[in-house]
Amino acid sequence: MKRLYQVLCIVSLIASLICVPFATTTWRFGLLFFVTLCLCTGAMWKLYQLRERPDSMGKAAKWLLCIGNTVFMAWLVSFVVVEGMIVSGIRSEPQEPVEVICILGGGLHGDQPTVNLRNRLIAGMEAMEEYPEAQVIVCGGQGSDEPLPEAEAMYNWMRENGADASRITKETASRDTIQNIQNAMEICEQKGWDTRHMTVVSSRFHLFRIRHIMTNCGLTPSVIGAPEGNPAACGLMYIREYFSVIKLILRGYW
């Protein structure tokens, strides 16, 4: 275990330094995650050195190691299990007929969609072509570092790239995935659209969690996945999704 903590500490330190030059939300998460992992594994590495001392500090180090190893292994097992579930859920499964296509927001660079969000919009436009009678809802409120609501930027990008704007409705109030889907349901009810035939478009790493939220909201899970883009950022998204799933469980949407 001592060698494991040593390797993880060094790898986490290097990963933290790699994340520093990037300013997007995903990379900021990566910096926080790897710095925290570096500090925790570094502390455990140090405790292995201290436990060899014959004094009270050595005894305390042994007790702390016992607690630390138990907590770390529990977290590691939960991480592997949850990531396995996330990966197992990346497949697209639209349930026909598709009458409403709901595209979820995914961050902006200035007033333009990120690569991740553009991929979602492209997948949504492909679904619009496949289901020409379906209505579209673009979902996303305005973050503290965003100049406009994500839904506004999504609408503008889709219109500029040839989408039929008359089929697109903007949902600009939501701040997370649960609100995305709940607010989209409210729009459907207001417009008389059938929520039983709503399909959600998002990144593939997101689909496992979306299925559970849709089920909890009384909907039939129906999803279309978009590729994530940059491989390094994609890895961070899958790590971040672990914490999002844990948060979802704690909120009772399971």
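Values below: all heavy atoms of this structure, side chains included; hydrogens, waters and symmetry mates excluded. Here, residue 1 is the first one in the sequence, and each next residue gets the next number. Keep in mind it's a predicted model, so treat the numbers as computed, not measured.
- Side chain of Glu150 to backbone of Thr172: no donor-acceptor contact under 3.5 angstrom is found.
- Without hydrogens or angle criteria, Asp55 side chain to Gly58 main chain gives a donor-acceptor distance under 3.5 Å.
- Using a 4.0 Å cut-off between a side-chain N of Lys or Arg and a carboxylate O of Asp or Glu, Asp176 and Lys247 do not qualify as a salt bridge.
- The 12-atom threshold is exceeded at CZ of Arg91, counting heavy atoms of other residues, nucleotides or ligands nearer than 6.0 Å.
- Distance alone, capped at 3.5 Å, places no donor-acceptor pair between the Gln182 side chain and the Ala184 backbone.
- A cation-pi contact links Lys170 to Tyr155, judged by a cut-off of 6.0 Å to the six-membered ring centre and 45° from its axis.
- In the displayed structure, Glu160 atom CD is contacted under 6.0 Å by more than 12 heavy atoms of other residues, nucleotides or ligands.
- Remark: Lys62 NZ to Arg53 CZ distance equals 12.5 Å, nearest 0.5 Å.
- With salt bridges taken as basic N to acidic carboxylate O contacts below 4.0 Å, none links Glu99 and Arg196.
- Without hydrogens or angle criteria, Ser92 side chain to Ile224 main chain gives no donor-acceptor distance under 3.5 Å.
- Met1 CE: more than 12 foreign heavy atoms inside a 6.0 Å radius.
- In this structure, the side chain of Asn216 does not engage the main chain of His212 through any donor-acceptor pair within 3.5 Å.
- Ring to ring, Tyr5 and Trp45 are not that close: their centroids are 6.0 angstrom or more apart.
- No donor-acceptor pair closer than 3.5 Å links the side chain of Arg209 to the backbone N or O of Glu241.
- Residue Trp63 places its CH2 atom among 12 or fewer non-hydrogen atoms of other residues, nucleotides or ligands, all under 6.0 Å distant.
- For Ser12 (side chain) and Val35 (main-chain N/O), no donor-acceptor pair under 3.5 Å exists by modelled atom type.
- Here Ile103 contributes atom CD1 and Glu171 contributes atom CD; the two are 13.0 Å apart, rounded to the nearest 0.5 Å.
- The main-chain N or O of Leu117 is found under 3.5 Å from a side-chain atom of Thr114 such that the two form a donor-acceptor pair.
- Arg120 contributes no side-chain N or O that, together with a main-chain N or O of Ala226, makes up a donor-acceptor pair within less than 3.5 Å.
- Screening Val7, Ile14, Leu8 against Ile10 for a side chain to side chain contact (heavy atoms under 4.5 Å, CB included) leaves a single residue, Ile14.
- A donor-acceptor pair under 3.5 Å links the side-chain atoms of Glu146 to the main chain of Gly143, judged by distance alone.
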